[in-house]
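Each remark here refers to the structure printed beneath this line.
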Amino acid sequence: MSQELIIEQVAKTPEKVVLCGQDEKNDLNLTENRVHLGTGGAAIKILDPDTGEVRSTTLKDLYNVSRLADQLENIHFLVRPCIPTDIDEKDYDINMFYACLSGSSKHVMAGVNDEKGLQNVIEMASMIAGSIDKLQKRPFISVITSFAISPLKLCTQSTHIMQEANRNFIPVALSSAPMAGSTSPLTMAGTLAQLHAEQLAGITICQLTNPGAPLLYGGIPGMANLKTMGYSGGAVECGMMNAAIHQLSNHINVPNYNSSGLTDSKIPDAQAGYEKAFTALLAAMGGSNYIHHSAGMLESMLTIAHEQFVIDDEIIGNCCKVLKGMECDAEHLALEVIDSVGPGGNFMVSPPHHGTYENRIL
Amino acid sequence: MTDFNKIQETLVNLDAEGVIQLVNDAVKEGTPASDILNKGLIAGMDIVGEKMENEDMFIPEVLMAAQTMSQGVEILKPLLGEDDTSAKGSVIIGTVKGDLHDIGKNLVAMMMESAGLTVHNLGVDIAPEEFVKQIKEKNANLLCMSALLTTTMPMMKQTIDAVVESGLRDQIKIMVGGAPVTQGFADDIGADAMAPDAGSAAKKAKAIAG
């Protein structure tokens with residue numbers, strides 16, 4: 001691919017992508033520095049909600065966590081969190097989307113196994129929407145395509161799936177996930193440089209397939225644990241690199257998908273708390289448009305737990321609070337209030353606390 | 001008199017130039033090539049494997065040690081007799097059909113080679129019938145299979161079934177590995193061994209097929 005070709009094709013990519021929910025109140029406008037966080041992954045294990053023991057995930061688990069994520073108000077979208085290991089692999093695609101769409105009215109995103117599976121999913125979603133046109137107008141599903149095998153190689157099957165989604169005008173997240181130290185250079189900058197090249201190649205393929213096809217720059221920079229070569233999602237470097245992803249995507253005016261809020265701990269413990277808070281907040285403060293893996297996951301991406309979804313909902317809420325920043329107008333500076341209370345008084349019943357504490361202005 | 005400990009130590013310290021120098025010196029002194037290999041290089045890699053298992057060494061360092069070791073072996077190769085090189089087991093290794101992951105599997109192959117085994121690395125996406133064909137052709141006594149995906153793990157069972165069907169099961173040991181593979185899974189599908197990392201894979205391979 002020549003530089004000229006890439007520049008020409010990347011310019012055709014929409015700057016604005018709106019990922020809809022079945023319920024309009026859950027629509028996500030992915031432009032500029034608008035930040036959203038949600039679930040992610042394809043976990044194969046769950047901490048059983050009744051026994052606390054680890055076991056394989058089922059289709060019922062997927063439906064249950066979809067309902068849970070639907071109710072947790074800070075989780076903005078649903079990336080299929082687990083694999084239904086109790087059904088046949090050839091039935092994965094349609095059943096996973098069905099379980100998510102019937103459990104939640106938030107936007108649903110997942111990967112699929114093959115083109116046929118994607119066609120089935122699009123057909124089902126069109127039935128829910130009323131028609132394929134209505135689905136394209138309000139895409140409440142989108143597809144993750146792991147088109148890149150890092151370093152710098154295309155996966156034939158996933159590239160075909162990506163192109164099929166492009167042809168149907170269904171939004172795609174172009175996932176490339178190099179691991180610093182094994183499938184990309186050990187350095188953060190080197191990993192990001194390689195990842196950006198992979199993204200430019202993927203975007204070029206999409207726009208050559210169908211000009212104007214909606215897509216998300218999908219940078220998932222990871223770290224290898226150099227003692228085991230396993231994934232080290234909770235490393236603070238992951239948060240740093242994922243924060244940089246939005247800068248890279250913004251540089252070419254394409255909304256981004258990335259990953260943060262993982263932990264390497266196997267249980268919801270102190271390690272899980274600080275690794276998740278650190279990495280999620282870094283990616284959020286970087287302005288990332290669509291941060292997945294931010295809720296419910298343990299052991300990097302291998303395990304989910306109901307209680308972890310609830311804890312992470314709280315962490316996401318805190319991230320959003322930070323992004324709102326501090327109001328600094330006259331009312332919020334509250335100089336009059338300070339004056340009226342005077343030396344030695346207290347502020348428990350003074351304005352701006354009039355009204356309920358639920359609505360208090362901080 | 002060659003100081004084999006010195007060769008081992010230099011290898012563990014990742015001093016490639018030092019190892020080459022010591023191997024050349026040993027050859028000049030007239031030390032038998034098989035001793036330099038077994039008591040120096042392979043013994044050194046045994047220490048590396050142990051350190052790796054105990055997480056006292058980073059995997060890239062293990063790879064560097066293995067590369068240094070094979071440079072040393074290159075020097076010794078012309079001097080080694082037929083008996084010195086073919087005495088130990090013959091291993092077939094590959095990633096199962098449908099799975100394209102090979103970093104870990106290649107590391108296992110490298111560690112096995114460093115342990116003195118003859119390794120035939122078939123690559124990725126290997127069908128059961130290809131494994132069977134290669135076992136026959138290479139007259140192997142250990143079959144090693146790798147899978148990273150939970151969706152390709154069942155292919156290990158299918159490969160074992162194919163080996164049984166071919167009538168070769170009695171003459172070959174089977175070891176499995178890969179991130180999601182557990183001892184329980186290995187038992188269920190009728191494998192003889194499972195290894196959680198490359199260091200212990202090489203050690204186990206030597207024990208059951210060496």
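Note on naming: letters A, B, ... go to the chains in the order of the sequence lines (proteins, then strands), and numbering restarts at 1 for each one.
The heavy-atom pair separating A:Thr183 from B:Ile103 by the smallest distance is CG2-CD1, 3.7 Å. What you find for B:Glu55 and A:Lys227 is that their closest heavy atoms are O-CE, 3.2 Å.
Within 6.0 Å of the CD atom in B:Glu50, the count of heavy atoms belonging to other residues, nucleotides or ligands does not exceed 12. By the neighbour-count criterion of 12 heavy atoms within 6.0 Å, atom CD of A:Glu123 is sparsely surrounded, having that number or fewer from other residues, nucleotides or ligands. Other residues, nucleotides and ligands place no more than 12 heavy atoms under 6.0 Å from the CD atom of B:Glu17. A 6.0 Å sphere centred on NZ of B:Lys173 holds no more than 12 heavy atoms belonging to other residues, nucleotides or ligands. The local environment of OH in A:Tyr98 is sparse, with at most 12 non-hydrogen atoms from other residues, nucleotides or ligands closer than 6.0 Å. Residue A:Lys45 qualifies as enclosed at atom NZ: its count of foreign heavy atoms under 6.0 Å is above 12.
Separation of atoms CG (B:Leu100) and CD (A:Gln157) is listed at 9.5 Å; rounding is to 0.5 Å. Considering CD of A:Glu89 and OG1 of B:Thr152, their distance stands at 8.5 Å, rounded to 0.5 Å. To the nearest 0.5 Å, the span separating CG on A:Leu226 from CE on B:Met57 amounts to 13.0 Å.
Within the 4.5 angstrom heavy-atom criterion, no atom of A:Leu186 approaches chain B. Looking at A:Thr85, neither its backbone nor its side chain comes within 4.5 Å of chain B, counting heavy atoms on both sides.
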